[in-house]
Amino acid sequence: MIFNSFNFIILFPLIFLLYYIIPARFNKARNAYLLLVSYLLYMKWRPIYALILLGVTVVTWGTSLMFKKSNHPKRVLTLGVILALAPLLFFKYSTFINVSIGQALSMLGFDFELKGLNWAIPVGISFFTFQALSYMWDVYYKKQEPEREFLTYALFVSFFPSILSGPINKASLVIPQLKNLRPYFDYSKAVKGLKLLLWGMFMKVVIADRVAIYVDTVFADYESYTGLTCLLASLLYTIQIYTDFAGYSLMAIGVGKLLGFELTENFRRPYFAVSVTDFWRRWHISLSTWLKDYVYIPLGGSRCSKARNYWNIFVTFLVSGIWHGANWTFIVWGCMHGVSQILEKMLDQQKCRYGRFGRIIKIIITFLLVNFAWIFFRMPTLADAIGVISRIFDTSLPLTLLKTANSSILFMAIGLTMLFVKDFFEEYYPEKCRVFDNRHMIVRWTAYVMVFVLIMLTGVFSADQFIYVNF
Amino acid sequence: MKKFLIKVAVFFVIVALIDMVAGKLFGSLAMRATNGDSGRSNFITFKTNQDVLILGSSRAYHHYNPKIFSDSLGISCYNCGQDGNGSILNYARFQLICQRYHPKVVIYDVIPDFDYLAVDDNHKYLGWLKPFYDEKGVADVFEMVDETEKYKMMSQMYRYNSKFMQIITDNIHAMHDEALNGFDALEGEMDTIQSRVRPEPIPIVYDFKKMLLFSRLPYVSKDTKFVYVVSPYWDGRDTAPWAFAKAYCQERGIPFLDYSNDPKYVHHDVYFKDGAHLNDRGADEFTRDVITELIRRGILTKP
């Protein structure tokens, strides 16, 4: 469910009230209700694709139960992984593989193209597939007991707040919450949930969707704009992708809390990172944890030779790039992050030991490196990404900026200032300037009302898609 | 749970009160605005009484100089073009205008993306209409775009979303010269960077809601002659996207003037500000050409 949609505003209070009508002692009934809601919401998009979600769920659940019974658990695991990954590979990567093979063969003088592979990608497929795979591997490596109740497991995979764009939750976090008797209603958790929902909504509609208007205008026709405009658009995209995705994650975690669940934290002020390595400890934490646990460590992690360790880092971020999409732009983006981290490790620059000024410099360098890589992430082709970069560095172009309405500039400035102040204090002075958690009720309530009013007056309500829903 | 629900209810009561106050404040400011885009929008909706009206997008707004109509023909003209808008805004505005009076001639500058092709989210075309939601016939247009808009418009803050700063400033200082009758001339010559490259053609996919409003426009008033015009482009254009408008006009006997590839303008930097917009010199020249053609066709007459 898209949290900033009108449907969500109407449907969620109903879902919430109906959920709490079911007495806490009927835990299974509550879970069954949430499972039904999750599937119905998923089916709102394309009903038939719920079969893929169900298929991945059945395969990973069944496979995990067979490990103990089978004499060849590794073969069972391999089969399970292949079957679970098959829909993802087919829907997300078949066109890319087909086109890439076609292009390679055409260079050799052969014409090859399989027609009819251009299917719509089931929403959230990368997220629920990775979540289900992580459970299966955890069971295989005996980090997690296999879940016997299908209902519980199916809800873990399809839980509606996180199915579209994560966070990618660990079974060890969510399944115990589903199995154990939850309190009827956790007041403080629900209040926290509402605060996250409010701030997440602010990040999305006040900041992300506002800056997106500028970014989309420029990048859709970058050849018509100056280098300075392209640079500003790239900086704003860096803000947009953070506020869009972190906003979504906060709303997902907030909705989870309103229903009494804890979901994985996904962002920790990533643009205050002092290195790219540090950035990945703060950005899309649930994915970077997944990649660490199921790619980096199985490859050998850092308990191996230096060369092998560098290779492991590179492969991990190559996988990250491929996970994000079937396009060379994502692969280059992933490789850039991998290479940056290898260089940081070689030069011992993963942490900051240069005092306050050095920290500021490292934060700025990291921000610019990440910003540069986002250009590849944003543009549809490598040629376009290089085109944007060329324009940024083209000194022959005039130093003029694409103008936008004064009111838009003001709304962007308000949103970005509030975001910066909040993130800054949370990063360096977490006990000071706690507006949403202030001990004075009047301060808290003024902040809630002010943020809500700003959302209503300055939010962009015509854009209802989140960037990461496309992955 | 009870405590939680009570607090949530209190929160929404506070917000509802602010919403009511904001609605009263911005509503009154919006209607009182005589300057800037808000003032222009009020004028178009409630005060136009000219013989000729220009409707369309930015290509209408910057391409037709009303002064040339009055100087050469002695008739009054007002330019109602609005940046980034098409049939949705123009239909709603024109039916509001026709509740007061019926202009003799409407010149509509066609841009397929805004008028009948499925390109953007149609919500963006409602922005200028929100303050007029309570006027007769406007709610129907909102409902056509999105059935849930009638619920969203219950919030006064939503109604003035993103526009309240402009409404405030439009009450303070003038941004438009009233003598220009709605026209905004783009000064300067062809931008050295922008839009020299012809945009990639987009697939022609029709938006039937926009198409319906576009087709209804000439029939809002029986007493108004409609003329559809495609104004010049620096690099010319593939006319395929205009085929619907052209066929529609031919079928209904509505004049359709296509200047998109007119050699007088194509690749002549002196007439353009950017690839899609004439500059002040180009606009004056083009306005004269349109007037000449309308006289030739007997739609307008010399004094």
Side-chain angles (χ1 to χ4, degrees), chain A residues 5-7 9-10 13 16-17 20-21 184-191 193-194 198 205-206 210 213 216 220-221 223-227 229 258 391 394 396-398 400 402 405-411 414 441 445-446 448-450 452-465, chain B residues 1-5 7-8 10-19 21-22 26 36-37 83-84 120-127 130 145-149 151-152 155-170 175 191-197 199-200 202 274-276:
Chain A
S5 66
F6 185 72
N7 286 344
I9 293 162
I10 296 297
F16 175 84
L17 290 173
Y20 283 108
I21 281 175
Y184 169 65
F185 181 73
D186 187 330
Y187 175 81
S188 62
K189 199 181 266 186
V191 171
L194 275 184
L198 187 64
V205 302
V206 176
R210 177 68 58 189
I213 297 170
D216 292 347
D221 188 20
E223 286 176 322
S224 299
Y225 298 101
T226 62
T229 301
L258 278 164
R391 286 197 89 73
D394 187 346
S396 68
L397 296 172
T400 52
L402 169 69
N406 289 340
S407 53
S408 277
I409 296 170
L410 180 73
F411 299 154
I414 293 171
M441 195 177 127
W445 277 69
T446 306
Y448 305 153
V449 171
M450 200 184 85
F452 192 88
V453 167
L454 274 173
I455 289 171
M456 292 300 293
L457 282 175
T458 70
V460 177
F461 293 109
S462 53
D464 58 4
Q465 191 65 279
Chain B
M1 181 69 156
K2 199 172 156 189
K3 184 178 158 192
F4 178 80
L5 292 177
K7 285 197 169 182
V8 170
V10 168
F11 176 80
F12 280 107
V13 168
I14 295 169
V15 168
L17 289 172
I18 294 171
D19 192 75
V21 173
F26 295 132
D37 286 333
D83 287 347
D120 289 316
D121 176 359
N122 286 340
H123 288 89
K124 78 169 195 178
Y125 302 114
L126 299 177
K130 283 179 181 172
V145 170
D146 178 357
E147 285 177 4
T148 64
E149 280 295 317
Y151 304 110
K152 295 179 197 169
S155 162
Q156 298 291 320
M157 286 193 281
Y158 178 77
R159 197 173 284 208
Y160 298 102
N161 167 271
S162 301
K163 287 271 187 280
F164 69 99
M165 280 307 298
Q166 179 150 21
I167 290 169
I168 293 168
T169 51
D170 288 348
M175 285 175 69
D191 194 302
T192 50
I193 293 178
Q194 224 166 2
S195 307
R196 277 191 187 266
V197 181
E200 289 286 314
I202 53 165
D274 61 49

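Note: hydrogens, waters and symmetry copies are ignored here, and every other heavy atom, side chains too, is used. The sequence lines fix the lettering, A, B, ..., with proteins before strands; numbering per chain opens at 1.
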Visitor: So which part of A/L258 gets closer than 4.5 Å to some heavy atom of chain B, the side chain, the backbone, both or neither?
Guide: side chain
Visitor: Which region of B/F11, side chain (C-beta onward) or backbone (N, CA, C, O), has a non-hydrogen atom less than 4.5 Å from a non-hydrogen atom of chain A, or is it both or neither?
Guide: both
Visitor: Identify which part of A/I10 has an atom lying under 4.5 Å from any heavy atom of chain B, answering side chain, backbone, both or neither.
Guide: neither
Visitor: Go through the atoms of B/Y125 and report whether side chain, backbone, both or neither lie under 4.5 Å from a heavy atom of chain A.
Guide: neither
Visitor: Show the numbers, then the answer: is there a side chain to side chain contact (heavy atoms under 4.5 Å, CB included) between A/N406 and B/M165?
Guide: CA-CA 9 Å; A/N406 289 340; B/M165 280 307 298; over 6 Å; no
Visitor: Measure the CG-CE distance between A/L17 and B/M1 for me, rounded to the nearest 0.5 Å.
Guide: 6.0 Å
Visitor: How many angstroms lie between atom CZ of A/F411 and atom CG of B/N161, to the nearest 0.5 angstrom?
Guide: 8.0 Å
Visitor: Based on non-hydrogen pairs under 4.5 Å, which of B/K163, B/R159, B/K152, B/K124 is most in contact with chain A?
Guide: B/K152
Visitor: Measuring only between side-chain heavy atoms, which start at C-beta, is A/F461 closer than 4.5 Å to B/H123?
Guide: no
Visitor: State which residue, out of B/V15, B/I18, B/I14, fulfils the side-chain contact (heavy atoms from CB on, under 4.5 Å) condition with A/F452.
Guide: B/V15
Visitor: So which atom in A/G459 and which in B/S162 form the shortest heavy-atom distance, rounded to 0.1 Å?
Guide: O-OG, 3.7 Å
Visitor: How long is the straight-line distance from OH of B/Y151 back to CD1 of A/I9, given to the nearest 0.5 Å?
Guide: 14.0 Å
Visitor: Which bit of A/I455 is near chain B, if near means a heavy-atom gap under 4.5 Å: side chain, backbone, both or neither?
Guide: backbone
Visitor: Minimum heavy-atom separation for A/V453 to B/M157, with atom names?
Guide: CG1-SD, 3.8 Å
Visitor: Just say parallel, tilted or perpendicular for the rings of A/F16 and B/F4, cut-offs at 30° and 60°.
Guide: tilted
Visitor: Start with the C-alpha gap between A/W445 and B/K7, add the side-chain angles, then the distance that decides, and say whether side chain to side chain contact (heavy atoms under 4.5 Å, CB included) holds.
Guide: CA-CA 10 Å; A/W445 277 69; B/K7 285 197 169 182; 4.2 Å; yes
Visitor: Name the region of B/L126, side chain, backbone, both or neither, that has any atom closer than 4.5 Å to a heavy atom of chain A.
Guide: neither
